[in-house]
S.K.: 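Here it is, the structure, as structure tokens.
These figures come from a predicted structure and were not determined experimentally.
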Amino acid sequence: MAQADQQQGATGEEQRAAQDRAAEDAQGAAQDKPIKQRKNGLYPAVSDELAAAMKTGWADTEMHGLTPIAQAGYTAARRAAVSARFPGERIVVPAGKLRTRSNDTEYPFRAATEYVHLTGDQTQDAVLVLEPLADGGHEATAYLLPRSNRENGEFWLDGQGELWVGRRHSLAEAEQLLGLPCRDVRKAPADLREATGPVRVVRGHDTGIEAALTDKVTAERDAELTAFLSELRAVKDDFEIAELEKACASTARGFEDVVKVLDKAEATSERYIEGTFFLRARVEGNDVGYGSICASGPHATTLHWVRNDGPVRSGDLLLLDAGVETRSLYTADVTRTLPVSGRFTPLQRQVYDAVHAAQQAGIDAVKPGAAYRDFHEAAQRVLAEHLVEWGLIDGPVDRVLQLGLQRRWTLHGTGHMLGLDVHDCAHARTEAYVDCTLEPGMVLTVEPGLYFQADDLTVPQQYRGIGVRIEDDILVTSDGSRNLSGALPRGADEVEAWMAALRG
């Protein structure tokens with residue numbers, strides 16, 4: 001079929017996409033400015049002959065007939081929900097930029113949660129734009145970096161070029177994968193500056209995009225958008241639940257890996273535990289979902305101990321709080337407190353059993369129709385009862401809870417929403433989060449703890465330096481709940497038997 005006939009048979013959308021790609025190709029061909037060289041590089045210049053040689057002799061690697069990503073249908077439904085909430089308004093959701101770690105090295109890129117949730121894409125510099133249509137609804141466009149330019153040498157000279165950091169998808173490939181139109185992100189600022197009508201943008205990820213919209217947005221409207229996008233993630237769809245199940249399964253295997261090498265950790269430090277779990281996360285997933293807490297001995301009383309540079313000693317407890325993040329960026333968040341020797345001392349078991357009982361009370365309170373706060377209050381009551389029973393605080397229990405006196409040793413809330421972020425839905429309105437009613441599809445952690453600081457003179461000496469937390473990831477179901485991380489034992493006897501079996 002002749003090219004003219006092909007154009008004639010194409011839809012208007014296909015023609016526009018083809019024209020965009022042709023314009024981008026022409027724009028790329030015109031970009032013949034030399035790429036800025038790194039200072040103190042060994043090659044001060046590129047000869048005309050080398051530049052010409054590098055432009056030719058490359059095979060066509062364009063991919064065709066790509067299968068859409070697994071979540072493409074789900075991301076379309078999520079975008080439809082955003083469209084329905086903000087009719088007639090332009091919605092702008094950036095993925096974010098690389099962040100410098102030191103000099104010319106960057107931190108590994110992790111796309112903004114809001115962008116990933118609405119597209120499934122994870123590429124840097126990208127921007128999702130929902131353009132309002134005259135007859136209602138929105139047209140979604142992903143603005144992405146196209147493949148690195150070969151005419152001006154970007155692909156082999158620029159630090160983010162293809163031969164340095166790897167091949168990017170072409171815009172045509174990205175359209176097939178994501179299931180939505182894609183344009184060159186370098187056009188996005190100009191397109192957005194020309195936008196008319198109300199605009200909302202997710203702030204904090206792309207200063208260039210925000211600058212292009214500076215006279216079109218307000219902080220109040222943008223905050224409403226961010227809150228809505230947080231709340232949109234509260235109830236997980238089937239894809240998300242499956243990813244969280246996968247994350248929990250990998251995390252359980254990571255905990256098993258750690259138990260098997262505790263002797264090596266004793267010979268080195270908490271870093272050995274951190275590295276062991278990280279290996280599992282990188283092999284089976286994308287990364288750890290947050291900095292692993294590998295807290296042995298009195299470090300277990302520090303809630304976010306991520307230095308992980310302390311000794312691991314037989315007779316102490318190891319509080320391991322870690323989660324594998326899947327390649328689609330959903331993370332588990334699991335904690336177990338393990339006796340390094342494989343056996344709890346009587347006092348360690350006493351504290352552990354109290355936390356386990358509190359966690360079970362919290363899990364039992366997770367069900368559809370329950371108030372979100374119910375699981376926290378149930379767990380805190382059990383902990384307060386034990387603290388009174390042990391004579392560490394004066395009762396009655398209701399007085400303790402009313403005044404929050406147990407918080408000296410419990411410190412934190414009993415859980416949080418979980419998903420793409422370890423503390424998911426964090427920007428939701430209070431009434432849509434801690435004051436909400438639980439619904440099927442919500443996923444939250446239940447993680448009570450007791451922490452007796454090494455310098456706490458209000459408790460007997462033998463308690464000081466003991467920290468215990470037990471945490472699981474709980475899915476609200478239609479008839480109750482399901483423990484997604486339940487493959488890991490929780491009861492003290494079960495933990496000891498599990499550790500003994502793993503260590504032979």
S.K.: Can you name the side chain to side chain donor-acceptor pair (under 3.5 Å) partners of T335, sequence neighbours left out?
M.R.: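 Residues passing side chain to side chain donor-acceptor pair (under 3.5 Å) with T335: D321, E471.
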S.K.: Which value, rounded to the nearest 0.5 Å, describes the distance between L178 atom CG and L144 atom CG?
M.R.: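 Answer for the CG-CG pair, L178 versus L144, is 6.5 Å.
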S.K.: Check each of H412, Q359, H416 against E447 using the side chain to side chain donor-acceptor pair (under 3.5 Å) test, and report the only one that passes.
M.R.: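 Result for side chain to side chain donor-acceptor pair (under 3.5 Å) with E447: H416.
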S.K.: V495 vs F344, test: side-chain contact (heavy atoms from CB on, under 4.5 Å). Steps then yes/no.
M.R.: CA-CA 10 Å; V495 167; F344 292 100; 4.3 Å; yes
S.K.: I want to check something: taking the side chain as every heavy atom from C-beta on, are V258 and L262 in contact at a cut-off of under 4.5 Å?
M.R.: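 Yes - at least one pair of side-chain heavy atoms lies under 4.5 Å apart.
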S.K.: Main chain of D222, side chain of R200: is a donor-acceptor contact present, judged purely on distance under 3.5 Å?
M.R.: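 Checking the backbone N and O of D222 against the side chain of R200, no donor-acceptor pair under 3.5 Å is found.
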S.K.: Would you confirm whether E496, through its side chain, and D493, through its main-chain N or O, come within 3.5 Å as a donor-acceptor pair?
M.R.: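 The answer is no, because no donor-acceptor pair under 3.5 Å joins these two groups.
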S.K.: State which residues pass ring pair (Phe, Tyr, Trp, His ring centres under 6.0 Å) with H299; sequence neighbours excluded, sorted by chain then number.
M.R.: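 Testing H299 for ring pair (Phe, Tyr, Trp, His ring centres under 6.0 Å), a comparison that skips the adjacent residues, returns W305.
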S.K.: Does atom CZ of R203 have more than 12 heavy-atom neighbours from other groups under 6.0 Å away?
M.R.: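 Yes, the 6.0 Å shell around CZ holds more than 12 heavy atoms from other groups.
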S.K.: So does R327 get a backbone contact from the side chain of Q122, meaning a donor-acceptor N/O pair under 3.5 Å?
M.R.: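 Checking the backbone N and O of R327 against the side chain of Q122, a donor-acceptor pair under 3.5 Å is found.
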S.K.: For the residue pair Y433 and Y372, does the interplanar ring angle fall in the parallel (under 30°), tilted (30 to 60°) or perpendicular (over 60°) class?
M.R.: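 Correct class here is perpendicular.
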S.K.: Could you tell me whether a side-chain N or O of E210 sits under 3.5 Å from a main-chain N or O of G204, the two making a donor and an acceptor?
M.R.: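 Flag set: sc E210 to bb G204 pair under 3.5 Å.
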S.K.: Students often mix this up, so state it plainly: with edges at 30° and 60°, are the rings of F277 and F255 parallel, tilted or perpendicular?
M.R.: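 Judged by the thresholds at 30° and 60°, the geometry between F277 and F255 is perpendicular.
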S.K.: Is the backbone N or O of R233 less than 3.5 Å from a side-chain atom of R78, with the two atoms forming a donor-acceptor pair by type?
M.R.: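 Not at all, since once roles are kept as given, no pair shorter than 3.5 Å links the two residues.
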S.K.: Is the shortest side-chain N to carboxylate O distance from R221 to E224 below 4.0 Å?
M.R.: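 A salt bridge is absent here (no side-chain N lies under 4.0 Å from a carboxylate O).
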S.K.: K367: which residues meet the side chain to side chain donor-acceptor pair (under 3.5 Å) condition with it, sequence neighbours left out?
M.R.: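 Side chain to side chain donor-acceptor pair (under 3.5 Å) check on K367 returns nothing, list empty.
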S.K.: Answer yes or no: is there an ion pair linking R381 with D398, defined by an N-O contact shorter than 4.0 Å?
M.R.: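 Yes, charged N to carboxylate O under 4.0 Å.
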S.K.: Any salt bridge between D287 and R282, counting N to O under 4.0 Å?
M.R.: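 The answer is no: the pair does not qualify as a salt bridge.
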S.K.: Before you tell me yes or no, could you show the steps for Q461 and R464 under side-chain hydrogen bond (donor to acceptor under 3.5 Å, both in side chains), namely the whole-Å CA-CA distance, both residues' side-chain angles and the distance that decides it to 0.1 Å?
M.R.: CA-CA 5 Å; Q461 176 69 43; R464 298 173 198 168; 2.9 Å; yes
S.K.: Return the CD to CG distance between E270 and L320, rounded to the nearest 0.5 Å.
M.R.: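 That separation rounds to 10.5 Å.
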S.K.: Under 3.5 Å, side chain of Q453 to main-chain N/O of G465, donor-acceptor pair present?
M.R.: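 Answer holds: no.
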S.K.: Going by the side-chain contact (heavy atoms from CB on, under 4.5 Å) test, name the single residue among V259, L488, V468 that passes it with R336.
M.R.: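 Exactly one option meets the side-chain contact (heavy atoms from CB on, under 4.5 Å) with R336, and it is L488.
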S.K.: Going by atom types only, do N483 and S481 share a side-chain donor-acceptor pair under 3.5 Å?
M.R.: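 The criterion, which ignores hydrogens and geometry beyond distance, is not satisfied for S481 and N483.
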S.K.: Under the side-chain hydrogen bond (donor to acceptor under 3.5 Å, both in side chains) criterion, do Q380 and T410 qualify, and how do the steps go?
M.R.: CA-CA 8 Å; Q380 290 292 301; T410 65; 3.3 Å; yes
S.K.: Is T268 reaching over with its side chain to a backbone N or O of Y272, donor-acceptor style, under 3.5 angstrom?
M.R.: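 Looks like no, no N/O pair under 3.5 Å.
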S.K.: Within the supplied structure, the quantity of interest is the number of heavy atoms (other residues, nucleotides, ligands) at a distance under 6.0 Å from H304 NE2; does it exceed 12?
M.R.: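 No, NE2 of H304 has 12 or fewer neighbouring heavy atoms, counting only those of other groups under 6.0 Å.
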S.K.: Measure from the side-chain N and O atoms of D473 to the backbone N and O of D333, and report whether any donor-acceptor pair falls under 3.5 Å.
M.R.: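 Yes, because the side chain of D473 sits within donor-acceptor range (under 3.5 Å) of the backbone of D333.
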S.K.: Between R280 and E284, is the closest basic N to carboxylate O distance under 4.0 Å?
M.R.: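 So E284 pairs with R280 through a salt bridge.
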S.K.: I'd like to know if the side chain of T226 and the backbone of V202 have a donor-acceptor N/O pair within less than 3.5 Å.
M.R.: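 Pair absent, no side-chain N/O of T226 close to backbone of V202.
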S.K.: Check this for me: does any side-chain nitrogen of one of E173 and R167 sit under 4.0 Å from a carboxylate oxygen of the other?
M.R.: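 R167 and E173: salt-bridged.
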S.K.: Would you mind checking if E162 and R168 are paired as a salt bridge, meaning a charged N to carboxylate O distance below 4.0 Å?
M.R.: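 No salt bridge links R168 with E162.
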S.K.: Specify the closest pair of heavy atoms between F239 and A70, including all atoms of both residues, with the distance to one decimal.
M.R.: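 That would be CE1-CB, 3.8 Å.
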